[in-house]
Amino acid sequence: MEVLRKSTKFQLLFCCTVCLVVMVYGYKGRGEYADHRLVPAMYIFGDSLTDNGNNNYIPAIARSNYFPYGIDFGYPSGRFCNGLTVVDYGARMLGLPLIPPYLSLASKGTNIGLEGFNYASAAAGILDETGGNYAARVSMNAQLLMFEKTIKLQLPSKFKSQEDLAEYLSKSMYYIAMGSNDYINNYLMPNLYPSSKLLTPEGFADYLISTLSNQLVRLYNLGARKMVLVAIGPLGCIPSQLSMVSGEHGCIEHVNYLVRVFNSRLLQLSKTLTSNLPGATLVFQDVYKAVNEMVQNPNRFGLTVVNHACCGNGRYGGAVTCLPLEKPCPNRNKYVFWDAFHPTQFVNQVIANRSFRSEASVDCYPISVGQLARL
């Protein structure tokens, strides 16, 4: 019992310390970034690629609140990475501090929230049922409910009028990175989900896009105007998928085909909604292209390991993802993938640099995220 009490005290002390560090350091920068702020705020909707701690506060299996996650961030914040994510780098480039997770204690502060919230949740998908094998997660529909609560209950008191709030919302950035789990933790799990038995690859992509379209219209009706739609990366190249096949065949083409079918429709959706929603501009961010280039031409980026997780176990380090206190590779900037599913901090920085800068982007259509911010 004494050991248990000491363990409990240690856990409480650790949690309090982390919360203090987050509030003091993790979200600092109001003055540091204010001089070149391009948008008033950024609101993030997504899965584990952009989750920066929300799953720490729900009974989820998909968590990364332990070392070596965060080894290059300073502590395990809940990011599924060794360090910063694409949206962390993106926030900096837009002149914003790191965006707080909506469910965190830090998000309840008086001033925190005016720069935006991160609603992303590991294992979440466009479809409500996606990721159910990981227990609790916050689906896209549930994330939209959180955003609606934000603008109806938390933000109005910070503005003089509804007109001022509406202008703030229209100038803010909305980053939507959803869909990976609808494949990894739905369509590609035929023993748990019937979707692949009921729908062709094209039919499933159409279903996802139709659902997402309705969600984006809902976001528009809540005040969003500047939206970034993020493509799904080459899932056939991640260590988790590679670990499931025998032999050495490089990326798994049929998995990447599924992703390309979805991405082609996502690009068209960005064009359609920009045409149909007055005042809205939707940018398509082609993460598939960026990551695929790094996998196929690693030397161009100073990378050397394109198929093995920096922290993981089994074939390609993808059979069992990064475990607590596992020793990761020392040369993390040489790896494309940090764990069985997610890219390294280095790769996230490259993706952000290619998309969030103000100049024209080779990965975005029709303009870069930086150019979108300046509209």
Side-chain angles (χ1 to χ4, degrees), residues 45-51 54-65 78 80 119-145 176-212 214-215 230-247 249 251-263 265-266 288 309 312-323 337 339-342:
F45 305 83
D47 51 33
S48 57
L49 292 168
T50 50
D51 185 353
N54 281 311
N55 272 30
N56 292 347
Y57 303 93
I58 60 176
I61 295 174
R63 289 192 182 190
S64 57
N65 57 343
F80 288 76
Y119 305 99
S121 171
I126 295 169
L127 305 178
D128 290 338
E129 62 268 26
T130 287
N133 47 303
Y134 280 101
R137 71 277 179 217
V138 186
S139 69
M140 180 61 179
N141 281 326
Q143 291 180 34
L144 287 171
L145 284 174
I176 303 99
M178 276 286 193
S180 294
N181 285 306
D182 293 293
Y183 287 96
I184 297 174
N185 292 302
N186 190 324
Y187 198 76
L188 291 170
M189 284 188 166
N191 294 330
L192 295 178
Y193 298 92
S195 52
S196 62
K197 300 171 185 176
L198 299 174
L199 296 168
T200 65
E202 292 74 17
F204 186 65
D206 288 338
Y207 179 44
L208 290 178
I209 291 298
S210 175
T211 305
L212 180 61
N214 291 333
Q215 292 165 341
V230 184
I232 300 175
L235 299 180
C237 303
I238 66 175
S240 173
Q241 291 296 312
L242 295 178
S243 71
M244 299 180 192
V245 298
S246 59
H249 304 294
C251 298
I252 305 170
E253 175 55 26
H254 80 86
V255 175
N256 279 346
Y257 171 76
L258 296 174
V259 171
R260 291 196 299 271
V261 170
F262 173 85
N263 286 342
R265 286 157 169 75
L266 188 67
Y288 184 103
N313 303 271
R315 282 173 54 79
Y316 299 102
V320 179
T321 198
C322 192
L323 296 172
F337 296 103
D339 64 9
F341 304 96
H342 309 97

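All figures in this text were calculated on a predicted structure; none of them were measured in a lab. The first residue of the sequence shown is numbered 1, and numbering continues consecutively from there. All values below come from the heavy atoms of this structure, side chains included, with hydrogens, waters and symmetry mates left out.
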Sub-3.5 Å donor-acceptor pair from the side chain of Arg137 to the main-chain atoms of Ala135, do we have one? yes
Looking at every non-hydrogen atom in both residues, tell me the closest pair between Ile232 and Ser180 and how far apart they are. CG2-OG, 3.5 Å
Per the side chain to side chain donor-acceptor pair (under 3.5 Å) rule, which among Asp128, Asp47, Asn181 passes with Ser139? Asp128
Just to verify, what does Arg63 make a side chain to side chain donor-acceptor pair (under 3.5 Å) with, not counting sequence neighbours? none
Looking only at atom types and distance, does a side-chain atom of Ser121 sit under 3.5 Å from a main-chain N or O of Ala124, one as donor and one as acceptor? no
For the pair Gln241 (side chain) and Ile252 (backbone), establish whether a donor and an acceptor sit closer than 3.5 Å, ignoring hydrogens and angles. no
Do Val259 and Pro234 make a side-chain contact, defined as non-hydrogen atoms from C-beta onward lying under 4.5 Å apart? no
For Ser196 versus Pro190, what's the shortest heavy-atom pair and its separation? OG-CB, 3.7 Å
Is it the case that the side chain of Tyr193 and the backbone of Gly132 share a donor-acceptor pair, with hydrogens and angles ignored and the cut-off at 3.5 Å? yes
Value for CE (Met178) from CZ (Phe45), rounded to nearest 0.5 Å, stands at 9.0 Å
Do Leu145 and Val138 touch side chain to side chain, with heavy atoms closer than 4.5 Å? no
Within a strict 4.5 Å, meaning less than it, do heavy atoms of the Asn256 and Tyr288 side chains meet? yes
Does a side-chain heavy-atom distance below 4.5 Å link Thr211 with Leu127? yes
If we ignore hydrogens and angles and just use 3.5 Å, is the side chain of Gln215 paired with the main-chain N or O of Ile126 as donor and acceptor? yes
Rounded distance [0.5 Å steps], CD in Gln143 versus CD1 in Ile176: 10.5 Å
Does a side chain donor of either Asn185 or Thr130 reach within less than 3.5 Å of an acceptor in the other side chain? no
Quick check: do Leu208 and Tyr183 have side-chain heavy atoms less than 4.5 Å from each other? yes
Sequence neighbours left out, what passes ring-ring contact (aromatic ring centres under 6.0 Å, His included) with Phe337? Give chain and number order. none
If only atom types and distance count, is the side chain of Tyr187 paired as donor or acceptor with the main-chain N or O of Leu199 below 3.5 Å? yes
Verify side-chain hydrogen bond (donor to acceptor under 3.5 Å, both in side chains) between Ser195 and Asn186, making sure each step is shown before the conclusion. CA-CA 7 Å; Ser195 52; Asn186 190 324; 2.6 Å; yes
Any side-chain to backbone donor/acceptor pair from Asn65 onto Asn56? Under 3.5 Å, distance only. no
Do you know which two heavy atoms are closest between Ile184 and Met189, and how far apart they sit? O-CG, 3.6 Å
Side-chain touch Tyr119/Leu144, heavy atoms, less than 4.5 angstrom: no
Evaluation steps, side-chain contact (heavy atoms from CB on, under 4.5 Å), between Ile61 and Asn133: CA-CA 9 Å; Ile61 295 174; Asn133 47 303; over 6 Å; no
Mind running side-chain contact (heavy atoms from CB on, under 4.5 Å) on Glu253 and Arg260 for me, showing each step along the way? CA-CA 10 Å; Glu253 175 55 26; Arg260 291 196 299 271; 2.4 Å; yes
Testing the basics here: between Ser48 and His342, what is the closest heavy-atom pair and its distance to 0.1 Å? OG-NE2, 2.6 Å
Give the minimum heavy-atom separation between Gly317 and Ala309, together with the two atoms involved. O-CB, 3.5 Å
Please check this pair: side chain of Ser210 against backbone of Asp206, looking for a donor-acceptor N/O pair closer than 3.5 Å. no
Do Phe80 and Asp51 have side chains that get closer than 4.5 Å, going by heavy atoms? yes
CE/Met140 to CG/Asn214 distance, rounded to the nearest 0.5 angstrom? 11.5 Å
Specify the closest pair of heavy atoms between Leu242 and Cys237, including all atoms of both residues, with the distance to one decimal. CD1-O, 3.5 Å
Hey, does the side chain of Ser243 reach the backbone of Tyr316 with a donor-acceptor pair shorter than 3.5 angstrom? no
So Thr321 and Asn313, do their side chains get closer than 4.5 Å, heavy atoms only? no
